[in-house]
Number of protein chains: 2
Amino acid sequence: MDRRIEKSRQAIMDAFTKLMLEKDFEKITINEIAELANVNRGTVYSHYVDIFDLLNQCIESHLNKLFENCQPRGSDSSISGKDSLCKTFNYLEQNAFFYSKMLMSKSITAFRNRLHVLMVKSVEEQLDMNGINTDVNRQIMVQYFASATIGVIEWWITNSMPYSSEYMAEQLLSLMERYQNVTEPLARR
Amino acid sequence: MDRRIEKSRQAIMDAFTKLMLEKDFEKITINEIAELANVNRGTVYSHYVDIFDLLNQCIESHLNKLFENCQPRGSDSSISGKDSLCKTFNYLEQNAFFYSKMLMSKSITAFRNRLHVLMVKSVEEQLDMNGINTDVNRQIMVQYFASATIGVIEWWITNSMPYSSEYMAEQLLSLMERYQNVTEPLARR
DNA sequence: TCACATATGTTGATTAATAAACAAAATAGA
DNA sequence: TCTATTTTGTTTATTAATCAACATATGTGA
């Protein structure tokens, strides 16, 4: 792909993210974004229909990065599971400002919704029902794990990360391991 | 001016400067520069005839920044003189890696030469001969101050900045003040 | 309420940057 | 030394980004 496209998109996304940290979404203008990104205003419109489209694509991009961080690298699922979980929390920690803004904003529901959808999808792909009492509905179990994980993350972020990412990874892993076969709730195929 | 031009130039300059810190000038290729700058190789050639032209423009750009840092801001020349001198040494300190590379490189004489030319020009503009014994040749005095200043800077940089920039500014200022009317040897009109 | 400023979204002409391909020169490496 | 690879410099068609100029909409303060 033409490298100009990637460069412009990146500059616009970065500018938008930066502004999101400084002020409320409602106060952000396309003009500001273009100015900070150092691109022509028309360039913004050539990539995004409006500021809501930009917001959604920005959310998508950040969540993609988040879920990319959860991919287990090694072959041994239990060890790599802990490692990648730890990486995930570290990533969250480094971008905590952004994520807490997104989670705390009243006007932005798109973020939580999208996060939930992705989490459900991820758990669905990872959840192994072998050895689990068959009278437990799988769909419900998926929702259960997804919500549980998001809940922990959300609590951790919005409460200014009271524990280290390592500790959080351990805790979450230990909770998950009680259902033996769910080792990578955040990972995606 | 079209902002694309500025962006490309900046990216290329930054990449080149970065590479200068890592390896010898002779080992740097246009390919590398383009790759690191994330621009098409043709873009490099559209701005610079060859790598020597790039080197010279890079030197020019860095020295411009250096001399911009010496412009006295306030009206009171003696106080602002010390302030701007201090700023200058601070700037040098922050970019010490680059400047020491430039000063120590055997293959690059262009840098020292250009620095000397600019310094002479600067002193020429600043040197006030009032009250100075008229049997001192002004041209010679200019050369004298320019060389003295460069010598101090060069020694400070190549010896890993053994004193703080504040201390250096004080010392240099005190040396200059012995000739009362030379308060801004680094400044340019 | 009215006027004034600022933001939005669109258009069209122009230009810088791009990718790809090329021959020639320089530089390993064997 | 000969060969393979990399680098250099240039060219061409294509495209994304730019600027400037719009009309319209949305505030904001007097």
Side-chain angles (χ1 to χ4, degrees), chain A residues 1-61 64 101 105-111, chain B residues 1-61 64 101 105-111:
Chain A
M1 204 214 311
D2 194 313
R3 73 217 307 167
R4 279 176 293 183
I5 298 173
E6 180 59 26
K7 279 189 220 174
S8 294
R9 288 224 176 103
Q10 196 59 55
I12 293 165
M13 289 270 190
D14 287 351
F16 180 66
T17 302
K18 215 168 193 171
L19 287 169
M20 283 287 293
L21 306 186
E22 298 175 354
K23 50 165 76 179
D24 287 339
F25 171 69
E26 297 77 23
K27 299 277 180 186
I28 299 174
T29 70
I30 301 273
N31 280 329
E32 270 182 310
I33 296 164
E35 197 182 349
L36 185 60
N38 195 25
V39 295
N40 192 278
R41 199 158 49 85
T43 307
V44 179
Y45 286 108
S46 73
H47 289 285
Y48 311 97
V49 277
D50 53 24
I51 203 168
F52 302 102
D53 183 35
L54 173 53
L55 170 65
N56 285 323
Q57 292 201 36
C58 188
I59 288 172
E60 204 61 26
S61 166
N64 276 338
K101 269 266 169 178
S105 168
K106 283 162 195 162
S107 59
I108 303 174
T109 57
F111 182 78
Chain B
M1 203 213 314
D2 196 313
R3 73 217 306 166
R4 280 174 293 184
I5 297 173
E6 181 58 29
K7 280 190 219 173
S8 294
R9 289 225 178 106
Q10 196 59 55
I12 292 165
M13 288 271 190
D14 287 351
F16 180 66
T17 302
K18 213 169 193 170
L19 287 169
M20 282 288 291
L21 306 185
E22 298 175 355
K23 51 166 75 178
D24 287 339
F25 171 70
E26 297 77 25
K27 299 277 179 187
I28 298 174
T29 69
I30 301 274
N31 280 328
E32 269 181 310
I33 295 165
E35 197 181 350
L36 185 60
N38 195 26
V39 295
N40 191 278
R41 197 158 51 84
T43 306
V44 179
Y45 285 108
S46 73
H47 290 284
Y48 312 96
V49 271
D50 54 24
I51 203 167
F52 302 102
D53 182 35
L54 174 53
L55 169 66
N56 285 322
Q57 291 201 35
C58 189
I59 288 172
E60 203 61 24
S61 165
N64 276 339
K101 268 267 171 178
S105 168
K106 283 163 194 159
S107 59
I108 303 173
T109 57
F111 182 78

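Letters go in sequence order (proteins before strands), and every chain restarts at 1. Keep in mind it's a predicted model, so treat the numbers as computed, not measured.
- Not a single donor-acceptor pair under 3.5 Å links the side chain of A:Ser105 to the backbone N or O of A:Lys101.
- Around atom CD of B:Glu60, more than 12 heavy atoms belonging to other residues, nucleotides or ligands sit under 6.0 Å away.
- Comparing the axis of the opening five pairs of the helix from C:dT1-D:dA30 to C:dA30-D:dT1 with that of the closing five pairs yields an angle of 60°, rounded to 10°.
- For B:His47 against B:Asp53, the heavy-atom pair with the smallest separation is O-OD2, 4.1 Å.
- The number of heavy atoms from other shown groups lying within 6.0 Å of NZ (B:Lys27) does not exceed 12.
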Q) Can you give one letter per nucleotide of nucleotides 13-23 of chain D, going 5' to 3': B for a protein heavy atom under 4.0 Å from the base, S for sugar-phosphate only, - for none? A) --BBBBB-B--
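- Pairing each heavy atom of A:Val44 with each of A:Ile30, the nearest pair is CG1-CG2, 4.0 Å.
- What separates CD of B:Glu26 from P of C:dA26 is a distance of 16 Å, to the nearest Å.
- Nucleotide C:dA21 holds its C1' atom 15 Å from the OH atom of B:Tyr45, rounded to whole Å.
- Regarding B:Gln10, its CD atom lies at a distance of 18 Å from the P atom of C:dA16, rounded to whole Å.
- When all heavy atoms are compared, the tightest approach of B:Ala15 to B:Leu36 is O-CD2, 3.7 Å.
- Per the geometry, CZ belonging to B:Phe52 stands 14 Å off C1' belonging to D:dG9, to the nearest Å.
- Atom pair B:Ile28:CD1 and C:dT27:P shows a separation of 15 Å (rounding to whole Å applied).
- Rounded to whole Å, atom P of C:dA25 lies 16 Å from atom CG of B:Asp50.
- Using a 4.0 Å cut-off, no side-chain N or O of B:Asn31 falls inside it from OP1 or OP2 of D:dT6.
- Atom pair B:Glu32:CD and D:dT8:C1' shows a separation of 14 Å (rounding to whole Å applied).
- One interatomic measurement links the two molecules: CD1 of A:Ile30 to C1' of D:dT26, which rounds to 14 Å at whole-angstrom precision.
- Between B:Lys23 and B:Glu32, some side-chain heavy-atom pair lies under the 4.5 Å cut-off.
- Using a 4.5 Å heavy-atom threshold, the side chains of B:Leu55 and B:Phe16 count as touching.
- Side chains of B:Asp14 and B:Gln10: a donor on one and an acceptor on the other come within 3.5 Å.
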